[in-house]
Structures are given as C-alpha cells and as structure tokens.
There are 2 protein chains.
Amino acid sequence: MRHLKTLQCIADVATSGSIRQSAARLAITPSALTRKIQDFESELGTPIFERMPQGMRLNAAGELVLRHIRAQLADFERLRSQLADLSGVRRGHVTIAASQAFAHGLIPHEIAAYRAQHPLVSFSVLVRDHIHAVSAVAGFEADVALVIAPPPAPEFQPLLILHQPLCALMSKDHPLASARTIRLRECLQYPIAMPGPTLAIRHLLQAALVRLGLPVHTVVESDSFEILRSYASGENIISFQIRAGVPEASGNLVAREIDQRDLPPTQLVLGQLRGRSLSVAASKFVDQISSSLHSRYGDGTTG
Amino acid sequence: MRHLKTLQCIADVATSGSIRQSAARLAITPSALTRKIQDFESELGTPIFERMPQGMRLNAAGELVLRHIRAQLADFERLRSQLADLSGVRRGHVTIAASQAFAHGLIPHEIAAYRAQHPLVSFSVLVRDHIHAVSAVAGFEADVALVIAPPPAPEFQPLLILHQPLCALMSKDHPLASARTIRLRECLQYPIAMPGPTLAIRHLLQAALVRLGLPVHTVVESDSFEILRSYASGENIISFQIRAGVPEASGNLVAREIDQRDLPPTQLVLGQLRGRSLSVAASKFVDQISSSLHSRYGDGTTG
DNA sequence: TCTGGTGTTGCCCCAATTGCAACACGGCGA
DNA sequence: TCGCCGTGTTGCAATTGGGGCAACACCAGA
C-alpha cells in the first residue's frame, strides 16, 4: 500500500537496526531509505532514530512512533479483512503467538480446520514463551496469543481461560501407563526428561518438586518438546506436558494426568491486546479455537 | 503529513459529497482529486464511492474505509500529542462535542482554564444534541462528548456521570426567586420560555408535564439557550436549564432548583469512544473537567 | 433542447523520489 | 598508527509519480 510504505520502512529499520540491511530486504537503495527516514523525521519535527556507528536505534520518541506504526498497519489489515468479508470471501492474515506446547498438535490442527473453510486466510505462528507471547501481542506483532500461565498484564485481555491438568508423557508400555491418574511421586521413581527453564511448565513442576521435597532423576533437559517427546516414547523415561498440548495421535505415546493434589490445574489462556479490535479473519479464528477447546476440555470461562 | 494526505482527501470528499467542492477546499484541481481516489480504490481492489450525477457517495465498503481513516487520523493526532509531551510541552488538538447547554458557561470556562496552562493546545467545540454528540464520538469526529441524558450506546464509554437537578431560570426580581427550591406547578403559573424539541431537557420537561397533567403557557419556544435566557432575564418569564449549564455570573438571572419530586435528576455524562485511547492533551482535559465538575457539583461516579 | 452541474480522461510539465557513486565517520585488527 | 570494513549520508542525474489545463461524457432540470 502506497501510503503505508514509509511506515513499513521505518518499522523494518527499527527491527533490523540497519539501513543497509533493511534496504536490501525492501529492494531499494540505502540512500532512498535514509532520505525517507529523514523526511519523516523532519515532518514530525523530532528525530526518531539515534545514529550509532553500529547502526540505527530508536530513541524514546521512536518507540512511540513504532508502536503507532504497528497499530496502523494492523488496523489496515483489519480493514482489508472487513472489506473482503463484505464481498463474501473471508481473506486476511492472522498472526498467533503460542507456547511451544501447542506448536505440534493443537495449532496446526486448528489452522488446517480453519483454512479448509477459508483458504484465502493465511497464518503466521510465532512460538514464544509466555512472557514474549504477551509482549508480542502488546507490540502489535501478533493478533492473539495462546499461552500457559501468562504473566499478569493489564493490556492482555483474556478471551478464553481453561484450567488444565499437567500430564505425564510416557510410552504406552510404561508401568505407569495403566493408571488413570498418577501421583507426582510415582513419576519420580523413573528417569525424567525435564522441560527446559524457558518452558512455562518447568516452573510449575519446579515449584511442586520443591514443595514436596522430592528428588528428581533428570536424564535429559530440553527446551524442545520434540526432544522430550522422543525420549518419553523411546525409553521408560517420563516427560510432562499440559493436557491440551498432548498430540491426539501420538504413536506409542500416552498421557496420564498428574493428581491435582500434587499439581494444581494450570491456566491456559487465549488472549488479545485489550481495546484492540481484531480483523474478521482473526476474530473468527478465535471463535473457532475457543469453541474447539471448550468442547474438548470444558471448564472454559470467557472473560 | 504526507502519507495521510490521500486519506484526508477521501475523508473530505466523503463528507462534502463533491469532488469539485473538496478540490477547491484542498486547493488542488478536481482531476488530481479524482485520480487520487481512483488510485486508492485500485490499490484497495474495491470502489469505495458511488458516482451519482449529483456527486460522490460512499458505498458500504467506503463507510468502513471512512471509519478507518478517521481512526488513523485521530491516532496520529494522539501520537503527535504524546511526542510533544515527551519534550515537556503539551501540544495537540482536542475536539469536544457538547450539548448546547454548556456552550455558554462551562465549556469556554474550562477551555480557558486549560489553555492558561497549556497554550499550545487548541480546541474545537461541536455543539450537538445528545444523539449527534454520541455519534460524533463514535465516528471519530470528536474526542469526547459532554451531554445530557445520552442515549444508551455500547460504544459510548462514560468517564464521568453526574446527576443534576433541572433549574428554573428567572429574573432575580421574580416572585419565585426568593424560594430555595420550587415546584414545577409554581413555575407554570407564569409564562414559559420553552426549550425547543432538539434540546434534551425539553423531553424531560415534556414527560413531567404530561405526567402531572399541568397546562403550560408557552410564550416563546427556541432551540437557543441564548434566546431563552434573554427572555427569562427580561420579563417575568421562566425558562429552564440543567444545573451545570447555568452561567456563573449571569446578570440579573437566577436559577432555582426544581423539586426532585417533580423532575428526577438528569444524567450529565462526559464520555469517549469505548476502547479508544485519547491524546495526552485530551486525556488531561478530561481529567480537569472531571475534577472541576466533581468538586463543584459532587455526586460524581466514574465508570 | 439547452444549460449548468457532476466526474473523468489525455496530454504536458514539474517536482518529488530513486539510484549510483563518492563521501565522512567510527570500530577493530594488524 | 594505519588500513580496512562497517555504518549512515550527500551530490548529481535519471526516473517516476502527481498535478494542472482543457476537453469530454453524462445526467437533471428548465
């Protein structure tokens, strides 16, 4: 879009921190980009970048401007989506920031279901921990976020809250696999594939372990659920995952809920930036994922 | 601002309904304006205007676009205000839609007090009845609205609600001027200068008169409080006004509250568009007017 | 049918934007 | 200390995009 091009350039330079780099990506010359920024700054009456020998960095005014630009671009996307909906076709782009727990089963499944009905809607999935997922939403980088135990933030508006038990992941031949729910103590009699410290459930586990004073035999620690799953399915190792993060068809992997006396249910929250109105495409995707989660796991409360 | 110029042109054409007229106002030729709009439409992929022999009219998509444009322009104003605040000076423009009741005393007084501290902030005052004041806020034409008994609208977010008695306006020599509060019945023994049907208090009065079954001797009816006031101060005629709309220093005019058994207190509401964030200038003006009204008339509740 | 209103189009021109190349400056390693 | 490579910036020339002028097509009302 013509009238947004300058804004996009500025946003790009702000994130890359380099004019030459952005110029290459935007397929223009550095000189043109420099002048675009200079013109914008002079129109605004204030510099928005600090010129460092290493490149460009936003100053305080620039942070404000960047936020404004992101909002403008997102709002324009919303307009396009609304216009497309007017003519009967749903069109648009949805960016969702999700905890890694959902990157394997839930998110691709929901996106596939949505795109089956609305093939002109495209998606971006940002895998972020709960902190960064919330700030992605706050910074207009993502439309919505699906996270575990989000940090309390006034600008993050929950659209759906589920309370989910943590599950132990294990091979279906595992001695514990016959039980319906198991105690944390039982798990710890086996080697553990421990979620890394960037994963939200790590902290929940940690807190419970400290509280119960139980020793842990960690054989592997990883930030990747992919890794954890493969360990859990291969040996008699146990790993952990939130209920909704357990893939439906998971080979010889089974999930058993941890007794809630050991680990209280965890909040699973789907949310957006407070006060922001989503595009039609995004808003309908929220509806779908909400009703899907709600019907599958119940206990949903909208707020 | 360069990148907003096309948007402003479109907004102008949308309101004027005529390319030639807008072209004259914007100091460009009609041909240039036509092409601007055509380019925008082709970029968007949809026409946003219907070309009629009488001029241009927005279609459904255009209504969406206009709303988007107004939002963008308002948001940019907010950015400028924030940037100015960064450098210590408050700067910006505030548009307030107010009932005519406040056009004489309250609004100019508050604006003067504000501008005494922040002379770089400018104001627009739109005098509108309660319906149109609310829709001005909803359509991004005004930042805030100060109205009597606003119609219920989900997108209108009250920032301050006062409950105000209606007052009878009369000369200070008037027989009723000695009383503290008076009954509606007493007023009607005198000739009445009746607010016109576009004024909100007319409907309140009307309802009470019908309920009490009282006959009215209307000598003049006017949509202008200016007119009503001059009648009330000149002869022994009585007119009406909401408490906060009574000018402080009003010559030989006095205001006496109507007994609340006859006329229940009226809502006086200061509000904005729900979910919209105001510019620094506007937000601080809201603070000032809120605390001013609150301390003068009490009974304020924020919601 | 004529007149006055509308928006639109072809052509021309000017000005704003871009690209290329050279520049100035700062960090870093030899 | 010097040279190199990185950064952003500037002069000048080429190009593009936007604007003005005049003529056009269309429609409503007299």
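Values reported hereafter were calculated over all heavy atoms of this structure, with side chains retained and with hydrogens, waters and symmetry mates removed. Order of the sequence lines sets the chain letters (A, B, ...), proteins ahead of strands, with each chain counted from 1.
Dashed line: the shortest gap from a side-chain N or O of Thr34(A) to OP1 or OP2 of dT9(D) is under 4.0 Å. For dT9(D), the OP1/OP2 oxygens have a side-chain nitrogen or oxygen of Arg51(A) closer than 4.0 Å. Remark: Gln21(A) is not in phosphate contact with dT7(D), judged by side-chain N or O atoms under 4.0 Å from OP1 or OP2.
Counting any heavy atom pair closer than 4.0 Å across all strands shown, Arg2(A) reaches sugar-phosphate atoms only and no base atom. In this structure, Met56(B) reaches the sugar-phosphate backbone alone: every heavy-atom distance under 4.0 Å involves primed, P, OP1 or OP2 atoms, never a base.
As rounded to whole Å, 12 Å separates atom P of dT17(C) from atom CD1 of Ile28(A). Distance CG (Leu33(A)) to C1' (dT10(D)): 15 Å, rounded to an integer number of Å. Between the C1' atom of dT17(C) and the CG atom of Leu26(A) lies a distance of 15 Å, rounded to the nearest Å. Atoms NE2 (His3(B)) and P (dG18(D)) sit 15 Å apart, rounded to a whole Å. Distance CZ (Arg20(B)) to C1' (dC26(D)): 12 Å, rounded to an integer number of Å. Atom CG of Asp39(A) and atom P of dA15(C) are 17 Å apart (whole Å). If you take CZ of Arg35(A) and P of dA15(C), they are 18 Å apart, rounded to a whole angstrom. The separation between Glu50(A) atom CD and dT9(D) atom P is 13 Å, rounded to whole Å.
The Thr29(B) side chain lies nearest to dG20(D) when the options are dG20(D), dT18(C), dG7(C). Here the nucleotide nearest the side chain of Ser31(A), chosen from dG20(D), dG26(C), dG19(C), is dG19(C). The side chain of Gln54(B) approaches dA28(D) more closely than any other nucleotide in the set dA28(D), dT18(C), dA22(D). With dT10(D), dG18(D), dG7(C) as the choices, the nucleotide that has an atom nearest any side-chain atom of Lys36(B) turns out to be dG18(D).
Inspection of the Ser224(B) and Ser222(B) side chains reveals no N or O donor paired with an N or O acceptor under 3.5 Å. Ser124(A) and His93(A) form a side-chain donor-acceptor contact under 3.5 Å, judged by distance and modelled atom types alone.
Toward the 5′ end of DNA chain D lies the nearest nucleotide of Ser18(A), the other residue of the pair Lys5(B) and Ser18(A) mapping further downstream.
Considering only heavy atoms from C-beta on, Ile48(B) stays 4.5 Å or farther from Leu83(A) through its side chain.
Using a 4.0 Å cut-off between charged side-chain N and carboxylate O, Asp75(A) and Arg276(A) make no salt bridge.
Counting heavy-atom neighbours within 6.0 Å of Arg51(A) CZ, excluding the residue itself, gives a total above 12.
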